[in-house]
Structure formats: C-alpha cells, structure tokens
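Computation of the quantities below employed the complete heavy-atom set of this structure, encompassing side-chain atoms and omitting hydrogens, waters and symmetry-equivalent molecules. One is the number of the first residue; the rest follow in order along the sequence. Order of appearance sets the numbers: ligands from 1, and atoms from 1 within every ligand.
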Amino acid sequence: MKLILLGPPGAGKGTQAQRLEENHGYIQLSTGDMLRAAVAAGTEIGLQTKDLMARGELVPNDVVVEIISERIDLPDCVDGFILDGFPRNVAQAEALDEMLADKNLKLDAVVEIAVNDGILINRIEKRASETVGGPREDDNAESLKNRLVVYHEQTAPLIEYYHNKGVLKSIDGMADVDEVSKQIEEVLKQR
Ligand code: AMP
C-alpha cells in the first residue's frame, strides 16, 4: 500500500501514520521527522534547513524530493509506505509523480484528514505542552500561524490536484483518534 496522508499541521498525520506502520508494516516516511533528525545531527541538510523550519517555512523542494527518493529505495518500503508531510506543494507532487513512474510504483490512495484551523491551534498547543524533552522549535504561536498560512497557500491546492486524478479520499479529522483510524482503515479496505 502506497499512501499519502494530506492535512494541515496538527491534523494527526503522524499519529495515524504510526498506527498504520504498527498495524500493517507500511513504513512511515515523515519528511519533518527526517529533517529534524538532520538538524539534530548537524548535517549539511540540517544546517541548510534549520532556520526555515523554525520559522515554519517550507525547505527547498529539491532537498525533500531527494530525501524521499532515496528513502523509498530502501528495502523496507517494498511492502508499502505512508508519505506524511510530503508532498507539500504542487511542484513536489509533480516530482513525486515522476519519481514513482521512474521507479515503476503507483500510489494507492491520498487521504485528506480534514480539520479546521481553530482545532489545530488547540491541538498544537497541547502537543507543545506534552512533548517529552520540550516542545518542537516550530510549535510556537508565530511559527504555527505561518505554518497554517503556508498550508493554505501551498499545500491545500494538492486536494484539488489529487481529486482531479481520482485518488483523493477525504475523512473527518475532527473525530477522535480511534474514529479517524477507523475511517482510514475503511478507505484502505476499498482499495
Ligand atoms: P512537519 O513535521 O511535517 O510539520 O514539518 C516540519 C517542518 O519541516 C515544516 O514546517 C517545513 O519547514 C519542513 N518540511 C517538512 N516536510 C516538508 C516538505 N515536504 N517540503 C518542505 N518543507 C518541509
């Protein structure tokens, strides 16, 4: 199963991707997690992206496209993967289409976890207060506001992009975590 989880910051993509990994063995590919690891390790990519991430801006497309392309080639992805936080704009989605065609792979579904902004702000404040080891550098009010603006301007157009390709499924991300998981499982069953 090759899946994209699409949705704004705080929609629950990471939580749902982890559950899918635990239950089915599909590998969670979170560009945000990979970039945070690069920042923590002080790699060249980490140094290049640290400030952009802290401000809630997108990092350059070629950086994330390359990261995902290399990661998908690792053997653990052969039974399936979940893209969590990628693609984030139309250029990345087009690069993904090309990449998958080159690798002879095909997406099974794009699941939009739909949540309104008011709920997101509460959820992210809660995540910031509960994260072991302190909040993420970008879980603060200013960065969050910017991440939502970036989402609406750059990422939300992907809903139409994938709708037009006939692969989009939208689910209600305002329901509780178990209910959202159930809805995603239903979508996967229909594949
Ligand atoms: P996330 O953990 O998905 O919320 O991502 C955290 C931050 O990492 C984002 O605000 C961006 O700065 C960066 N990032 C993650 N994924 C991407 C992507 N696909 N394209 C560009 N920047 C990204």
Side-chain angles (χ1 to χ4, degrees), residues 2-21 27-72 77 81-100 107 110-115 117 119-159 161-162 173 180:
K2 290 159 212 76
L3 197 66
I4 294 177
L5 291 184
L6 195 61
K13 301 186 296 295
T15 303
Q16 296 300 334
Q18 279 164 19
R19 287 185 170 203
L20 288 166
E21 181 169 294
I27 305 297
Q28 176 191 15
L29 302 182
S30 158
T31 40
D33 285 351
M34 294 176 203
L35 291 167
R36 278 185 288 280
V39 170
T43 65
E44 202 179 311
I45 286 179
L47 294 174
Q48 190 189 344
T49 55
K50 184 176 193 297
D51 293 344
L52 288 167
M53 290 176 71
R55 291 201 301 272
E57 300 287 345
L58 295 187
V59 312
N61 291 337
D62 53 349
V63 171
V64 279
V65 169
E66 178 77 16
I67 290 181
I68 286 293
S69 177
E70 286 179 3
R71 186 62 187 84
I72 285 177
C77 285
F81 54 79
I82 308 142
L83 295 172
D84 160 13
F86 177 89
R88 261 324 211 267
N89 58 30
V90 170
Q92 291 180 16
E94 289 170 350
L96 176 65
D97 287 343
E98 206 174 301
M99 179 198 308
L100 293 175
L107 278 179
V110 178
V111 179
E112 180 208 359
I113 305 180
V115 183
D117 283 4
I119 285 194
L120 296 174
I121 293 169
N122 290 339
R123 281 193 187 170
I124 292 192
E125 280 169 354
K126 190 159 174 272
R127 174 168 81 191
S129 69
E130 288 173 353
T131 306
V132 182
R136 277 168 44 173
E137 209 177 334
D138 58 354
D139 275 349
N140 60 69
E142 200 174 324
S143 172
L144 171 58
K145 224 171 80 193
N146 200 28
R147 283 154 68 204
L148 289 175
V149 170
V150 168
Y151 176 78
H152 288 296
E153 284 180 1
Q154 300 198 48
T155 310
L158 295 181
I159 295 169
Y161 181 90
Y162 287 116
V180 173

Requested in this report: Check each protein residue for a heavy atom under 4.0 Å from ligand 1 and list those that pass, ordered by chain and number.
Outcome: Thr31, Gly32, Leu35, Arg36, Met53, Glu57, Leu58, Val59, Val64, Gly85, Phe86, Arg88, Gln92, Arg136, Asp138, Arg147

Requested in this report: Can you sort out the partners of Asp117 under salt bridge (charged side-chain N to carboxylate O under 4.0 Å, His left out), two or more places apart, ordered by chain and number?
Outcome: none

Query raised in the report: Counting only heavy atoms not in Glu137, do more than 12 sit closer than 6.0 Å to its CD atom?
Result: no

Query - salt bridge (charged side-chain N to carboxylate O under 4.0 Å, His left out) evaluation trace for Arg147 with Asp139 - result: CA-CA 10 Å; Arg147 283 154 68 204; Asp139 275 349; 3.1 Å; yes

Query - side chain to side chain contact (heavy atoms under 4.5 Å, CB included) involving Val39 - partner list, sequence neighbours excluded - result: Thr49, Lys50, Met53

Report summary line: d(Leu29 CG, Ile67 CD1) to nearest 0.5 Å is 11.0 Å

**Report entry** side chain to side chain contact (heavy atoms under 4.5 Å, CB included) against Glu142, all qualifying residues, sequence neighbours excluded
**Finding:** Asn140

